[in-house]
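Whatever order the structure lists ligands and atoms in, that order sets their numbers, starting from 1. This is a predicted model, so every value here is computed, not measured.
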Amino acid sequence: MTQPQARIKIAIQKSGRLTEHCLELLQQCGLKYSRGRDQLIGFGENMPVDFLLVRDDDIPGLVRDDVCDLGIVGLNVLEEKRLGYAAEGINEPFQVLQKLDYGHCRLAFAYPEESPLEKAAELDGQTIATSYPKIVGDYLQQNGLNAQVVEFSGAVEIAPSLGRAELICDLVSTGATLAANRLVEGETILDSVACLIQTPVAIPAEKTEWVNRLVERIAGVQQVRGCKYIMMHAPRSALHAITELLPGAESPTVLPLEDADDKVAVHVVCRENVFWETLESLKKAGASSVLVIPIEKMLA
Ligand code: PRT
Ligand code: ZN
């Protein structure tokens, strides 16, 4: 039986934009779990892996302090915390193992529609409201800009209308929140995505096997999620053009078609997602009966 101290702990967001994605990822790694009565811990039933459900802001600290071996958190939160640690002289507080395929957003400046400001170079002397004062402060310093930063812990987008700031720097994904507040998006200073992080402390021997297995499974799930199996019919003469159109395609399997000398069936694994635009281009290039099929598991 696994000793209690050999169980792996992974910190994930308790309730927010990353939660469902993180739980789904762990399930796809084969983890079956039950939730504690307080709902703050998920106990792995078939692997020595438990997860802690916490606020996303607490995840970097839990991993840095080795309370958890692994964590999943947005790069925006990580970067803000990393700058905080760096200011205290603590370098490399966590290892970023992998960027995941969810939680995409960008940290960008935004200006009121009627503002004469248009680009970051015009920020001197302005006041910027943000929940990410360290990232914004670092950007200003790197670019030799002399603006003031005011920290807002939420509802940053209303700061200009409250007269607290001339502009904001906040996370954007669709842009709907900015538009609803009559703000115009400016320069992006950080492209963010959920990241898998690991404690800076050496993993004890009794845990390494399962930490490595979990990390490998996460990588495997990520790899396969972006992949698609594509099948189509194509004129033999268009084969080259069609292969060029497929994102991240490996050498295709080309099969003859019964009663058609000039046409073949093409099967190919694409290592990137395939969008409608690509299908339309394939059709234009002569392909027909195009099928895009998700891949469940792949062993390289
Ligand atoms: O309670 P807890 O502290 O854990 O949660 P939280 O409220 O701090 O975080 P949460 O759940 O809102 O977001 C978790 C993480 O998701 C963030 O740290 C980002 O890494 C990522 N993420 C992705 C986003 C967004 N997209 C996003 N759009 N986080 C926040 N937003 C907000 C943004 O701040 C703005 O208010 O959504 C609004 C803008 O969205 P659009 O679609 O209108 O542009
Ligand atoms: Zn938070």
Side-chain angles (χ1 to χ4, degrees), residues 9-26 35 38-42 51-65 67-68 70-85 93-94 96-113 128-139 149-162 164-165 167-198 218 222 225:
K9 288 194 213 70
I10 174 162
I12 61 171
Q13 193 185 20
K14 179 170 187 272
S15 140
R17 289 168 197 263
L18 304 182
T19 310
E20 283 309 315
H21 294 285
C22 292
L23 292 174
E24 192 192 337
L25 179 61
L26 292 174
R35 296 272 281 262
D38 56 7
Q39 301 282 307
L40 296 179
I41 300 184
F51 53 86
L52 260 62
L53 292 141
V54 292
R55 286 202 55 197
D56 67 347
D57 315 73
D58 296 333
I59 294 172
L62 288 167
V63 174
R64 133 90 196 157
D65 296 340
V67 176
C68 291
L70 300 169
I72 297 178
V73 63
L75 184 62
N76 48 307
V77 175
L78 269 187
E79 192 54 16
E80 183 72 13
K81 300 285 179 192
R82 190 189 63 76
L83 289 166
Y85 282 121
F94 19 72
V96 179
L97 298 182
Q98 204 189 343
K99 290 189 172 181
L100 305 174
D101 65 354
Y102 55 88
H104 295 274
C105 57
R106 53 199 183 273
L107 185 61
F109 289 114
Y111 313 86
E113 279 173 9
I128 308 164
T130 185
S131 307
Y132 297 90
K134 296 194 174 66
I135 301 178
V136 176
D138 187 58
Y139 173 87
V149 178
V150 282
E151 183 170 355
F152 267 60
S153 52
V156 181
E157 60 279 356
I158 61 169
S161 54
L162 293 178
R164 297 286 308 278
L167 69 154
I168 68 167
C169 190
D170 197 13
L171 296 177
V172 184
S173 71
T174 60
T177 306
L178 293 185
N181 288 281
R182 306 192 59 232
L183 296 163
V184 179
E185 187 173 345
E187 286 165 23
T188 291
I189 63 169
L190 179 80
D191 278 308
S192 184
V193 70
C195 295
L196 176 67
I197 56 169
Q198 182 174 318
I218 290 176
Q222 292 290 300
R225 267 204 221 156

**Q** Below a 4.0 angstrom heavy-atom separation, can you tell me which part of Leu18, side chain or backbone, both or neither, approaches ligand 1?
**A**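 The side chain, only.
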**Q** Please verify whether a non-hydrogen atom of His104 lies at under 4.0 Å from ligand 1.
**A** yes
**Q** Suppose we only allow N, O or S atoms; which atom of Asp56 ends up nearest to the Zn ion (ligand 2)?
**A** OD1
**Q** I'd like to check which ligand 1 atoms, numbered from 1 as shown, lie under 4.0 Å from a non-hydrogen atom of Val172.
**A** 44 (O)
**Q** Would atom 7 (O) of ligand 1 count as contacted, meaning some protein heavy atom under 4.0 Å?
**A**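 Within 4.0 Å of atom 7 (O) of ligand 1, no protein heavy atoms are found.
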**Q** Check whether any side-chain heavy atom of Pro60 sits under 4.5 Å from a side-chain heavy atom of Phe94, and report yes or no.
**A** yes
**Q** Would you say that Asp170 contacts Glu157 through its side chain, given a criterion of any heavy-atom pair below 4.5 Å between the two side chains?
**A** yes
**Q** For the residue pair Leu100 and Ile218, establish whether any side-chain heavy-atom pair is separated by less than 4.5 Å.
**A**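 Leu100 vs Ile218: side chains touch.
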**Q** At what distance is the nearest protein heavy atom to atom 10 (P) of ligand 1, and which residue and atom is it?
**A**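 Its nearest protein heavy-atom neighbour is Gln13 NE2, 3.7 Å.
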**Q** With atom 26 (N) of ligand 1 as the reference point, say which of Gly175, Cys105, Ser131, Ala108 has the nearest heavy atom.
**A**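 Shortest heavy-atom distance from atom 26 (N) of ligand 1: Cys105.
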**Q** Which of the numbered atoms in ligand 1 are under 4.0 angstrom from any heavy atom belonging to Thr174?
**A**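 Reading through ligand 1 atom by atom, the close ones are 41 (P), 42 (O), 43 (O), 44 (O).
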**Q** May I ask you to identify the nearest protein heavy atom to atom 38 (C) of ligand 1, giving residue, atom name and distance to one decimal place in Å?
**A**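 Sorting protein heavy atoms by distance from atom 38 (C) of ligand 1 puts Thr177 OG1, 3.6 Å first.
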**Q** Numbering the atoms of ligand 1 from 1, which are under 4.0 Å from a heavy atom of Gly16?
**A** 11 (O)
**Q** Would you call Lys14 and Asp58 a side-chain contact if the rule is heavy atoms closer than 4.5 Å?
**A**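 No; the side chains remain at least 4.5 Å from each other.
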**Q** Could you find the nearest protein heavy atom to atom 1 (O) of ligand 1 and give me its residue, atom name and distance?
**A**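 Answer, as residue, atom name and distance: Arg55 NE, 3.6 Å.
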**Q** The Zn ion (ligand 2) is nearest to which N, O or S atom of Asp57?
**A** OD1
**Q** List every atom of ligand 1 that sits less than 4.0 Å from any heavy atom of Asn76, numbering the atoms from 1 in the order shown and giving each element.
**A**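 Close to Asn76: 17 (C), 18 (O), 19 (C), 20 (O).
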**Q** Using the ring of each side chain (for Trp, its six-membered ring), is His21 parallel, tilted or perpendicular to Tyr102, with breaks at 30° and 60°?
**A**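 Judged by the thresholds at 30° and 60°, the geometry between His21 and Tyr102 is parallel.
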**Q** How many angstroms lie between CD1 in Ile12 and CG in Leu62, if you round to the nearest 0.5 Å?
**A**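 Result: 12.5 Å between the selected atoms.
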**Q** As an exercise, identify every atom of ligand 1 less than 4.0 angstrom from a heavy atom of Val77.
**A**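 Listed by number with element, the hits are 18 (O).
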**Q** So which protein heavy atom does atom 37 (O) of ligand 1 come closest to, and at what separation?
**A**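 It is Arg17 NH2, 2.8 Å.
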**Q** I want to check something: taking the side chain as every heavy atom from C-beta on, are Val73 and Cys195 in contact at a cut-off of under 4.5 Å?
**A**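 They are not in contact (no side-chain heavy atoms under 4.5 Å apart), so the answer is no.
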**Q** Other residues, nucleotides and ligands only: do more than 12 of their heavy atoms fall within 6.0 Å of CZ on Arg35?
**A** yes
**Q** Is any side-chain heavy atom of Ile168 closer than 4.5 Å to a side-chain heavy atom of Leu178?
**A** yes
**Q** Under 4.0 Å from any heavy atom of Gly74, which atoms of ligand 1 are there?
**A**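 It comes down to these atoms of ligand 1: 20 (O).
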**Q** Any chance you could measure Cys22, atom SG, to Asp56, atom CG, to the nearest 0.5 Å?
**A**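 Taking SG in Cys22 and CG in Asp56, the distance rounds to 10.0 Å.
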**Q** Tell me the protein heavy atom at minimum distance from atom 35 (C) of ligand 1, and give that distance in Å.
**A** Leu171 O, 3.6 Å
**Q** Where is the nearest protein heavy atom to atom 36 (O) of ligand 1: which residue, which atom, and how far?
**A**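 The answer is Asp170 OD2, 4.0 Å.
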**Q** Kindly indicate whether the side chain of Gln222, heavy atoms from C-beta on, has any atom under 4.5 Å from the side chain of Leu25.
**A**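 SC-SC contact between Gln222 and Leu25 confirmed.
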